[in-house]
Amino acid sequence: MSSTPPPTDSPNKASPLRYSRFQGDFENGSIAAPDLAVKRRELRFSMHNKFIVVPTSLFMEKYAPPVVEKRNKKLSKILQDVPVESGKEKAMYAPINNICPDFTFVSTHSRGDPTDTSKEAPDIGLYPKDHAPSPSKRSNGRTLGAATNWTFVELCIECKTEGDPFDDKEPDFVAKNDEGKQILGQVLSYIELMFKRQHRTCIFLVLILGEMCRIIRFDRSGAVVTQAFMYKNKRGVLIEFLWRYARWDRSTRGHDPSVTLITPDSQLSKAMVARGGKDKDPKKPDDYVRQLFADSLNPGWSWWKFRVDDKKGPRYFVAGKPNFIASGVAGRGTRGFVALDEANLDGPFYYLKDAWRVSSHHIDKEGTTLRYLNKKGVHYVPTLECHGDVLEVQTTKTQDLWKELHEDGKPETTQAEKEPKLEEMGTKPEETGTKPEEAGTKPEETGANPEGTEAKPKENTCPFKKHKHYRIVVREVGQKMSKFSHSRELVYALRCCIVAHSEAYEHGVIHRDISAGNVLMYRYGGSGRWCGLLNDWELSKQTDSKTPHGRQLDRTGTWQFLSVSALDHPSKEITIEDELESFFHVLLFFAIRFLHHNCVDVGPFMFTYFDDHNTNEGKYICGTKKGSSVRDGSIILRNGSGTGSNALPEVSLTFRWPSLDSAAGLHDTAPPSHPLNYIFSTILEWIKSHYALMKSPNNSAPAQPSQSKAVDGFRARAVQDELEFFDGNQANPTGQSTQSQDEVRKHHEDMAKNLQSHGPILGLLRTVLTSPEHLWPGDEKTEDQLPEEGYKPKADPKAASADLRKGGSMRGNVFSTGSSLKRRSEHIEQPATQETPSKRAKSVKRKSSRNARERS
């Protein structure tokens with residue numbers, strides 16, 4: 001565990017901390033158990049360099065437009081006699097209720113939203129009168145205070161008698177004292193919950209700090225904060241802001257006009273419920289999709305009608321509770337929904353993704369990428385139905401203010417802005433709207449960064465990204481890869497995803513975000529066979545790009561599954577070797593959780609392998625366990641604890657058949673070796689050689705990845721119980737004979753070549769899946785060997801108060817092709833100390849069926 005001060009690099013999706021998941025969903029959340037204090041600290045660090053403090057007059061000019069109805073200036077004095085002490089919130093909001101005629105201020109400090117597990121509760125909430133919560137009574141006659149309602153709260157007011165989360169003199173405007181940090185984490189938690197439960201372009205918050213006040217405006221780029229002002233003086237700035245706020249239309253208050261609330265008693269709501277229960281048949285191959293939609297019709301969540309502004313015209317889709325919600329305040333804010341076309345409620349289900357994409361001339365929309373891949377016939381990728389930016393031109397504004405205040409500051413730009421877009425590649429000019437001389441033109445040769453080197457951002461680059469509201473709808477609704485039935489099905493599905501990656505790469509696109517949440521399973525056609533689906537092409541990039549610098553300031557990818565090289569060099573260009581290594585980490589991630597093996601302590605192993613980190617020069621880099629495993633070519637376990645003479649021997653990770661009985665008749669004395677062992681040992685040898693050449697002083701620049709046009713891949717249909725493949729010239733893995741000491745380098749070169757194209761790994765998996773030499777167990781899957789509430793890491797007694805401990809950077813509940821892991825912002829300054837489990841039963845709650853059989 002690192003014991004260095006918190007890194008200063010800007011937070012991004014691929015950082016080691018992310019508690020963004022629903023309970024029990026580890027594909028898209030940290031291995032570590034969620035904790036409110038840790039979550040608040042993560043949110044705080046995720047907003048590093050995301051605040052701007054400005055004079056109150058400038059804030060009002062930019063974000064608080066005046067209204068026609070002028071207020072009586074006498075109202076400026078109504079707060080002069082309000083006491084500044086805890087528990088007196090009612091004395092504050094009672095006088096100002098009169099200036100917000102269509103709204104009601106409600107004290108909710110004592111009760112959180114009953115539909116939210118965090119139980120966060122702001123002191124005061126401004127609600128529309130017809131949705132204002134009210135106190136209730138228990139059966140014993142005791143009165144309960146009004147409960148927070150995150151779906152309908154318009155504006156939060158938080159009251160503190162001491163402390164201030166902001167310091168106008170600090171370069172990042174954030175106070176460094178503990179009290180200020182706690183307040184900031186609490187406020188950010190409120191904003192995150194409002195973004196999750198509502199459809200907002202921005203959110204305002206009022207922060208009362210004793211005799212002083214700040215007003216904050218949040219959007220997906222960052223936040224603008226007023227300088228602290230005295231809210232009781234005759235200027236009446238707070239009163240004026242609330243007066244205007246209550247008279248703005250919904251759009252000005254930050255509501256998205258392209259989304260409509262579906263009321264519970266409406267005909268549309270009733271039709272959605274009917275569709276969720278229609279044609280229910282668990283035996284049907286695709287019934288899981290209907291069930292996902294039915295499960296989303298949660299009465300504790302609001303249901304919505306979305307407008308998707310496609311080039312062919314607007315379309316409308318209806319959906320209930322999202323099955324994926326990205327965490328954080330700044331960033332893409334992705335939410336995924338199983339949806340129906342409002343014009344055809346009895347028709348097929350779709351997957352709708354709602355996100356705030358990074359708006360840049362050199363980053364394609366995900367729908368543009370998918371349309372291109374669909375046209376090229378790439379298998380195992382989502383099929384685009386429609387997509388488009390929201391027509392109201394909903395873009396973030398925080399970055400614009402920063403640029404106004406830093407006139408010499410420039411947004412990040414690269415040569416890639418001159419490069420052809422995917423929609424221009426391989427299409428006719430009239431299909432894209434480009435001029436004939438522009439279509440298919442090549443960028444100037446500028447040269448790419450050498451492997452492992454980092455691109456440095458330009459000086460005075462704007463730290464705030466411009467985000468634009470965007471929606472995409474695809475036809476496939478996938479299921480989590482963790483739903484696989486046995487190891488052969490898991491490997492088959494992952495091979496489908498590698499085929500998709502290979503074919504996309506052949507056509508000039510590299511995915512750049514291989515993760516457990518982005519590899520899904522879906523039923524292909526009417527065959528009933530589970531295939532793999534490579535999802536979420538939002539971060540993909542053209543392979544022939546000559547961009548000398550990264551397209552964004554942040555590291556690209558998902559922390560747990562990035563290659564060691566990408567983790568150690570955050571700005572390096574992602575290559576085919578990095579992506580194939582990521583597929584290896586994904587396979588390990590599922591196998592260690594659900595299959596039989598010799599790892600006794602799964603929770604600690606996964607935490608150290610996937611979530612761990614070190615720091616170097618103020619930046620997060622790869623953790624020790626993952627780095628040593630790939631560089632040594634072996635995953636070493638030490639099952640149990642002990643030091644010195646009591647230390648347990650180290651063993652290599654080995655996957656096993658579930659029992660001798662399951663291998664009866666297949667082998668005379670013992671069950672055969674599990675095919676996964678051959679897969680892991682072979683790929684690890686390739687990766688080991690790749691890193692050996694990278695650190696060799698005599699090593700020249702690595703060869704550029706090559707790809708045969710005759711790419712092997714699965715046919716997307718079932719042939720009884722056998723696997724069938726596309727015909728083609730399939731490269732075979734290079735032989736792995738033992739090398740003499742003098743030929744070590746030649747050996748590494750031969751091995752490393754297997755990662756420079758997709759052929760060898762596809763050939764390896766094809767052989768292991770189909771060869772009679774490799775026998776696969778049948779009924780072998782265990783229950784999840786991680787506790788549903790997550791692994792609780794031990795506190796480091798040697799860690800200083802500024803040290804780091806982290807979880808992970810995965811997203812929550814991704815069941816479908818539309819979900820985006822893009823989640824961002826996942827750093828933490830220091831975690832809350834968590835209780836150490838004394839027994840394995842507390843650390844790994846669920847027992848595998850293997851152990852159950854051994855006990856019997």
S.K.: Does the distance from a Lys or Arg side-chain N to an Asp or Glu carboxylate O, for K305 and E342, drop under 4.0 Å?
M.R.: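 Salt bridge flag = yes for E342 with K305.
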
S.K.: Determine the sole option in F306, Y351, W301 for which the ring-ring contact (aromatic ring centres under 6.0 Å, His included) test with F337 is passed.
M.R.: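 Only one option passes, and that is F306.
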
S.K.: I'd like to know if the side chain of R335 and the backbone of I325 have a donor-acceptor N/O pair within less than 3.5 Å.
M.R.: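 It does not hold such a pair.
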
S.K.: State, without any angle test, whether T558 and D513 hold a side-chain donor-acceptor pair at a distance under 3.5 Å.
M.R.: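 Per modelled atom types, T558 and D513 side chains form a pair under 3.5 Å.
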
S.K.: Could you check whether R315 pairs with D341 (Lys NZ or Arg NE/NH1/NH2 to Asp/Glu carboxylate O, under 4.0 Å)?
M.R.: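 Here R315 pairs with D341 in a salt bridge, since their nearest N and O are under 4.0 Å apart.
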
S.K.: Does NZ in K280 sit with more than 12 non-hydrogen atoms of other residues, nucleotides or ligands closer than 6.0 Å?
M.R.: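 12 or below, so no.
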
S.K.: I want to check something: taking the side chain as every heavy atom from C-beta on, are T263 and W303 in contact at a cut-off of under 4.5 Å?
M.R.: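 T263 does not reach W303 side chain to side chain.
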
S.K.: Run the numbers on D295 and Q291 for side chain to side chain donor-acceptor pair (under 3.5 Å), then give the verdict.
M.R.: CA-CA 6 Å; D295 293 342; Q291 189 60 52; 2.8 Å; yes

S.K.: May I ask you to check whether W304 and H199 place their ring centers less than 6.0 Å from one another?
M.R.: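 Centroid distance W304-H199: below 6.0 Å, so yes.
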
S.K.: Pick from L297, L340, V318: which one makes a side chain to side chain contact (heavy atoms under 4.5 Å, CB included) with R275?
M.R.: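 Exactly one pass, corresponding to L340.
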
S.K.: So, for H387 and Y470, is the gap between ring centers shorter than 6.0 Å?
M.R.: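 Here the rings of Y470 and H387 have centres that are less than 6.0 Å from each other.
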
S.K.: Would you call R512 and E538 a salt bridge, using N to O less than 4.0 angstrom?
M.R.: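 No salt bridge links R512 with E538.
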
S.K.: Are any of the side-chain nitrogens in R471 or D354 under 4.0 Å away from the carboxylate oxygens of its partner?
M.R.: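 Salt bridge: yes.
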
S.K.: Taking the six-membered ring for Trp and the full ring for Phe, Tyr or His, determine whether the centres of Y372 and W537 are under 6.0 Å apart.
M.R.: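 Between Y372 and W537, the centre distance exceeds or equals 6.0 Å.
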
S.K.: So, S487 and E780: side-chain donor and acceptor under 3.5 Å apart, yes or no?
M.R.: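 Their side chains do contain a donor-acceptor pair, which is all the 3.5 Å distance test asks for.
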
S.K.: Mark yes or no for whether N374, through its side chain, and P382, through its backbone, hold a donor-acceptor pair below 3.5 Å.
M.R.: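 It does hold such a pair.
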
S.K.: Just checking, any donor-acceptor pair under 3.5 angstrom between side chains of T201 and R220?
M.R.: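 Checked: T201/R220 side chains show no N/O donor-acceptor pair below 3.5 Å.
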
S.K.: Identify, with sequence neighbours excluded, every residue that meets salt bridge (Lys or Arg N to Asp or Glu O under 4.0 Å) alongside D309.
M.R.: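 D309 satisfies salt bridge (Lys or Arg N to Asp or Glu O under 4.0 Å) with R307 once adjacent residues are dropped.
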
S.K.: Could you tell me whether H501 and F583 have their ring centroids closer than 6.0 angstrom?
M.R.: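 When the ring centroids of H501 and F583 are compared, they turn out to be within the sub-6.0 Å range.
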
S.K.: Is there a donor-acceptor contact under 3.5 Å linking the side chains of R357 and T334?
M.R.: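 No pair is found: no donor N or O on one side chain lies under 3.5 Å from an acceptor on the other.
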
S.K.: Ignoring hydrogens and geometry beyond distance, is a side-chain donor-acceptor pair present between E120 and S189 at under 3.5 Å?
M.R.: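 Yes, S189 and E120 have a side-chain donor paired with an acceptor closer than 3.5 Å.
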
S.K.: So how far is it from L494 CG to E489 CD, rounded to the nearest 0.5 Å?
M.R.: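 L494 atom CG to E489 atom CD measures 11.0 Å (nearest 0.5 Å).
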
S.K.: Ring centres under 6.0 Å, that's the criterion: do F293 and F349 meet it?
M.R.: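 F293 vs F349: aromatic centres under 6.0 Å.
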
S.K.: For the pair D389 and K365, find out whether any cationic side-chain nitrogen is under 4.0 Å from an anionic carboxylate oxygen.
M.R.: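 Yes, this pair counts.
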
S.K.: Would you call E503 and K376 a salt bridge, taking side-chain N to carboxylate O under 4.0 Å as the test?
M.R.: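 Salt bridge: no.
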
